[in-house]
**Q** 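Dropping a structure here in structure tokens format, bear with me for questions.
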Amino acid sequence: MTNREAGAAGSSKLWGGRFSGEMSEIVERFNASIDFDRRLYREDIAGSIAHAHMLAAQGIIPAEDSEAIERGLTEIRAEIDAGTFEFRLDREDIHLNIEAALTERIGDAGRRLHTGRSRNDQVATDTRLFTRAACDEVVAALHDLRGALLDLAERQAATVIPGYTHLQRAQPILLAHHLQAYEAMFTRDTERFVQTRARVNVLPLGSGALAGVTYPLDRSMVARELGFDAISENSLDAVSDRDFVVDFHSASALAMVHLSRLAEEIILWSTAEFGFARLDDAFSTGSSIMPQKKNPDVAELSRGKSARVIGNLVQALTLLKGQPLAYNKDNQEDKESLFDSVDTVLITLRVVAAMLPTMTFDGARGAEAAVANFALATDIADYLAKKGVPFRDAHEAVGSLVARCEREGRTFTELSLSEYQAAHPAFEADVLSIDLEASLAARNVPGGTAPEAVASARAAQRARLAAERAS
Ligand code: ARG
């Protein structure tokens, strides 16, 4: 019989000492988080074992109790892993479910585990451990996606597409240049998750309910055992702070925005109207009514799922904005959205990384579209400017050529030298050699779309990715 059972009747809750009545069923359901926070069981058990080790090392509980706690928790973890553990709604959350089950197994030693600890610093610790692992997984998934983008850019090194502004054809670019722009976005995302991880990795345990605890805890020992870089410096902040959850949502939302933009390009490219890309059957679906359809569902869902992660960011900010210090039960609402952002960003990064290598491109169609619609007009204006014509005059002369061609239903390649010269006397025979290759090759500045510039940018991107992976 435990001490608790030896005590007076009253509420059956672990916190029930001062209560005389039972909680109503609807309040129990409303209050409980076990249906979702059971996902934190590994973190909760790791935190409890570290806490017990420290309590024993500090002489606060007997060493045998710490050993019994560790043994009991290890068994419970194995049962939860195996799916044989019984989670109970009347035990409210993961912390109380595990503690109550532990006490059932090991008796009073289990009732000593919560010495110098509160669920408030416990849940903050669990959530940080969970978020830290999530950051590591997201960073690895971002590395893989960036690798997939660079590999595709390499394979399609010679493929040309129109570059757009305002979704109007603007200037020819290399497809690789376009893909490498996304690699740059996902590199910044990686940085954001690495920075988030650093802010996550601070130990709240030892803050107690809000004001610190009366036992001689060794917080640094717990931090070391759990792999935290530092201990929190203010107990009130430590138990109420969920900024790191906002950081995670924020980094995730922006990564999802980037995935959504890439998905939108893939959707456009694979339409009959654009016709630059083809999706593999494994990454598209058919229509239940239109036999000819091949739909880019994976890309569309990648775009669509960005909405829920953006929603999660707004939810987390709204959750925090009216809370007085310190812990409030509101914070129980941080978990489902956090889990959702973790799951959504991970699966989306992974599915897009898996889809990219299966995509094929129609190079002839891309090259044709790249020079259609007078996309070499800037090159021809630059040609005049390089002959000493002020750029604004050159712009106007080439504009008049565009208008003439449009009127007559012709293209630049069909113009004769004398027709060029009618627009501006500075044109000479070499204007006729301005073509797609010349246009691309001319943009040989760092960051430009010339094949040479794109190849050296890609080499630098690869080196950066390899260095990040090795670190
Ligand atoms: N289930 C709670 C949560 O997720 C744990 C902390 C509860 N603390 C408390 N004093 N009621 O936030």
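Numbering starts at 1 and runs along the sequence shown. In each ligand, atom 1 is the first atom listed, and ligand 1 is the first ligand listed. All values below come from the heavy atoms of this structure, side chains included, with hydrogens, waters and symmetry mates left out.
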**Q** Do Ser232 and Arg219 have side-chain N/O donor and acceptor atoms under 3.5 Å apart?
**A** yes

**Q** Can you list every pair where an N/O of ligand 1 is under 3.5 Å from an N/O on the protein?
**A**
residue  : atom   : partner : partner atom : Å
ligand 1 : 1 (N)  : Ser33   : OG           : 3.3
ligand 1 : 1 (N)  : Asp93   : OD2          : 3.0
ligand 1 : 1 (N)  : Gln332  : OE1          : 2.8
ligand 1 : 4 (O)  : Lys335  : NZ           : 2.6
ligand 1 : 8 (N)  : Asn120  : OD1          : 3.0
ligand 1 : 10 (N) : Asn120  : OD1          : 3.1
ligand 1 : 12 (O) : Tyr327  : OH           : 2.5

**Q** Inspect the contact between Arg303 and Glu265 and indicate whether a charged nitrogen and a carboxylate oxygen are less than 4.0 angstrom apart.
**A** no

**Q** Is a salt bridge present between Asp189 and Arg146, judged by a nitrogen-to-oxygen distance below 4.0 Å?
**A** no

**Q** Check Ala255 against Val345 and note the closest heavy-atom contact, atom names and distance.
**A** CB-CG2, 4.4 Å

**Q** When you compare the side chains of His114 and Arg117, does any donor N or O come within less than 3.5 Å of an acceptor on the partner?
**A** yes

**Q** Determine whether the side chains of Asn295 and Ser284 contain a donor N or O and an acceptor N or O closer than 3.5 Å.
**A** no

